[in-house]
Amino acid sequence: MADLHIPESLTLEQAIGRVLFDLRTQRNLNQIDVAIATNFAVRTIRTMEQGRQSMTIRSLDALALFYRIRIEDILIRAKALRGDPL
């Protein structure tokens, strides 16, 4: 299991999940708000934010549209969290 306190040990899924969590909390939303707006189950939102579920392009696109951010920006933020070169 990756140590979430060491950025290099984050999986890409965990880093994307952390970005999605940050986007949601910055907007003072809860997982239910996001689930209703995106038509995902709350459990799905939770597992994506925890990095326990790989996302399809379609689900990542739906979340990017909801948060009004480009998919590329989500990935750039996730790679930065991991310390990966862009």
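Quick caveat, the model's predicted, so the values are computed rather than measured.
Here OG of Ser59 is found 12.5 Å from CG of Asn39. Values are rounded to the nearest 0.5 Å. Here CE of Met48 is found 14.5 Å from CZ of Phe21. Values are rounded to the nearest 0.5 Å. Atom OG1 in Thr44 sits 10.5 Å away from atom CD in Gln31 (nearest 0.5 Å). Atom CG of residue Leu20 and atom CD of residue Gln50 lie 12.0 Å apart, to the nearest 0.5 angstrom.
The closest donor-acceptor contact from the side chain of Thr25 to the backbone of Asn28 lies at 3.5 Å or more, if one exists at all. Looking at Arg27, its side chain does come within 3.5 Å of a backbone N or O of Leu23 through a donor-acceptor pair.
Here Ile36 is tied into one hydrophobic group with Ile32, Val42, each link being a pair of ILVMFWY side chains closer than 4.5 Å.
Leu29 has its side chain within reach of Phe66: a pair of non-hydrogen atoms, C-beta onward, lies under 4.5 Å apart. Side-chain contact between Ile45 and Thr38: present, with at least one pair of heavy atoms (C-beta onward) separated by less than 4.5 Å.
Note on Ile71 and Leu63: same hydrophobic cluster, where clusters join Ile, Leu, Val, Met, Phe, Trp and Tyr whose side-chain heavy atoms are under 4.5 Å apart, directly or indirectly.
Shown here for Leu81 and Ala15, the closest heavy-atom pair between the two residues is CD1-O, 3.7 Å.
Residue pairs meeting the side chain to side chain donor-acceptor pair (under 3.5 Å) criterion with at least one member in residues 61-79, sequence neighbours excluded: Arg70-Asp73. Sorted by first and then second residue, the salt bridge (charged side-chain N to carboxylate O under 4.0 Å, His left out) pairs with a member in residues 28-51 read Arg24-Glu49; sequence neighbours excluded.
Each of Ile16, Leu10, Leu12 was checked for a side-chain contact (heavy atoms from CB on, under 4.5 Å) with Gln14, and the lone residue meeting it is Leu10.
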